[in-house]
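Atom set for the values below is all heavy atoms of this structure, side chains included, hydrogens, waters and symmetry mates excluded. All chains are named by letter (A, B, ...) in the order of the sequence lines, taking the proteins before the strands, and each is independently numbered beginning at 1.
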Amino acid sequence: MMSDAFLGNALIHAYGKCKCVEGARRVFDDLVVKDVVSWTSMSSCYVNCGLPRLGLAVFCEMGWNGVKPNSVTLSSILPACSELKDLKSGRAIHGFAVRHGMIENLFVCSALVSLYARCLSVKQARLVFDLMPHRDVVSWNGVLTAYFTNREYEKGLALFSQMSSKGVKADEATWNAVIGGCMENGQTEKAVEMLRKMQNLGFKPNQITISSFLPACSILESLRMGKEVHCYVFRHWLIGDLTAMTALVYMYAKCGDLNLSRNVFDMICRKDVVAWNTMIIANAMHGNGKEVLLLFESMLQSGIKPNSVTFTGVLSGCSHSRLVEEGLQIFNSMGRDHLVEPDANHYACMVDVFSRAGRLHEAYEFIQRMPMEPTASAWGALLGACRVYKNVELAKISANKLFEIEPNNPGNYVSLFNILVTAKLWSEASEARILMKERGITKTPGCSWLQVGDRVHTFVVGDKNNMESDKIYNFLDELGEKMKSAGYKPDTDYVLQDIDQEEKAESLCSHSEKLAVAFGILNLNGQSSIRVFKNLRICGDCHNAIKYVSKVVGVTIIVRDSLRFHHFRNGNCSCQDLW
DNA sequence: ATAGGGTTAG
């Protein structure tokens, strides 16, 4: 029993700061007399440790015990309502604040601005903001975020530039809100620009800046910029921040370097479910199914409970590595052992598991037995496999479903067309093409790119715009001879399969991914691997050709296409030719 | 003594 409330409250606070919920709770339970500070400290400890529900519970209990909340209590419990999107409780607290004369309090109002921004609309947030007697930078940051999270990006930026004229000095968090706002609204390049501005004005990016900015490196797939950020994290002692480290793990994987991704992951001391999921997804997209299963095992062993994202990652890892029985077993264990009911995504992953392994009829049966409407990704997995395993009947069925679900996706028409052409069903193929034309859908042009030094070089089919075009084509000719003597045969199917007239005329040699690979090898600068990115799926002949290139030249070639990473090494690809 | 804004995975 502890009778010194002063000491007890200080201890609860200290435990809370160290994220030790159990310690705080023990002291709290031991207190003979609990005052408003004890209750407030305990509930805000829960909120700050990511347990908003428990925080709210303590807040309610406080009322039943006849202790009246003050403005500190209210401003610390409101973020819990925001996080839970619990508008009902939030409004009740708003009412309480009005009735008890706390509505002029800066902290309470700022918390209310954020609550309404998150749960309702800019309008409501703005109403509270406009009625405030005084505003400081925190309230401004709240209203800025209100615009950004409610798809009013331009207005948010406009408000940001008005801040200084209203006599409010932006702080670190303002810049974080702006950078986060750019990212949330798909303005990746703008986020890069804003980070530069922030630094130029002398603000120091912190772990939150880093966490919200790193996805920009992942989206732009700029390993170079990602490494710069990593250096910054290292130099500024941010390597203890779980969120920033997790963002680094994802960035490295997305930029094609799974080894560095793993190195960062291994440095994380207390891995949470998001960190584990990130590492699992990273390995899944690089086709390391066996590693995915090992990670899943270690995750369970370290006592972290898997969630629905975990299973999406694990199952997609199984599909990319032909691990059918393993995938099926894990799928069946989801609800039974882990209390995670499979959703449409998980079902789609299982369709992919069967499809990639060539068990197309099982995949089709599985789709038909789904308890919910199959999504485009389920039918898309089946259609993709129909091309690899040359199954025209199922291709037609899945393509027709896809034409209903997503009539404007050109990829589905092109896939069906290609499958029909390969099967030499010319008239049906032209029907597919006519359908596409009637609906006014045009094929997305294939495009590949890679980073050399600080520049990104882009290639389209038959590209002659590169400064080194002559060198590239000569090199490809030279390489072609060596590849042929190593056993490479160009697959002319893929010439026929191209839809556009100009593309038909071009030889296989000029596909964008081949040009990018050649350019990469010519600019290796002593490195032993290159990383190429493509917007569509890699072409079948290119896939085969690059296997030979990796052998003849003796380099590792990593190609990220629209579905996954392919690691070409010594004549083989990590996808086991399930491209 | 207790407080508001900015964060990672499909």
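- Annotation: side-chain contact (heavy atoms from CB on, under 4.5 Å) contacts of A:Glu193 (sequence neighbours excluded): A:Lys190, A:Lys197.
- Pairs of residues two or more places apart, or lying in two chains, that qualify as salt bridge (charged side-chain N to carboxylate O under 4.0 Å, His left out) and include a residue from residues 149-161 of chain A are A:Glu152-A:Lys155.
- When only modelled atom types and interatomic distance are considered, A:Asp352 and A:Ser355 share no side-chain donor-acceptor pair under 3.5 Å.
- Side-chain atoms of A:Val274 lie closest to B:dA9 of the nucleotides B:dA9, B:dT2, B:dA3.
- Residue side chain A:Thr243 reaches the base of B:dT7 through a donor-acceptor N/O pair under 3.5 Å, judged by distance alone.
- Side chain of A:Asn48, nearest nucleotide from B:dG6, B:dA1, B:dG4: B:dG4.
- For A:His13 and B:dA1, the shortest distance from a side-chain N or O to OP1 or OP2 is not below 4.0 Å.
- Residues forming a side-chain contact (heavy atoms from CB on, under 4.5 Å) with A:His286 (at least two apart in sequence, or on another chain): A:Ala253, A:Leu258, A:Phe565, A:His567.
- Against DNA chain B, the stretch residues 112-128 of chain A makes heavy-atom approaches under 4.0 Å through A:Ser114.
- Within the nucleic acid shown, A:Ser308 comes within 4.0 Å of at least one base atom, counting heavy atoms only.
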Would you give me the side-chain donor-acceptor pairs under 3.5 Å for residues 371-379 of chain A, sequence neighbours excluded?
from, atom 1, to, atom 2, distance (Å)
A:Thr375, OG1, A:Ser377, OG, 3.2

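- The side-chain contact (heavy atoms from CB on, under 4.5 Å) test applied to A:Gln207 returns A:Leu238, A:Asp241, not counting sequence neighbours.
- Evaluation of atom-type donor-acceptor distances gives a pair under 3.5 Å for the side chain of A:Ser75 against the base of B:dA3.
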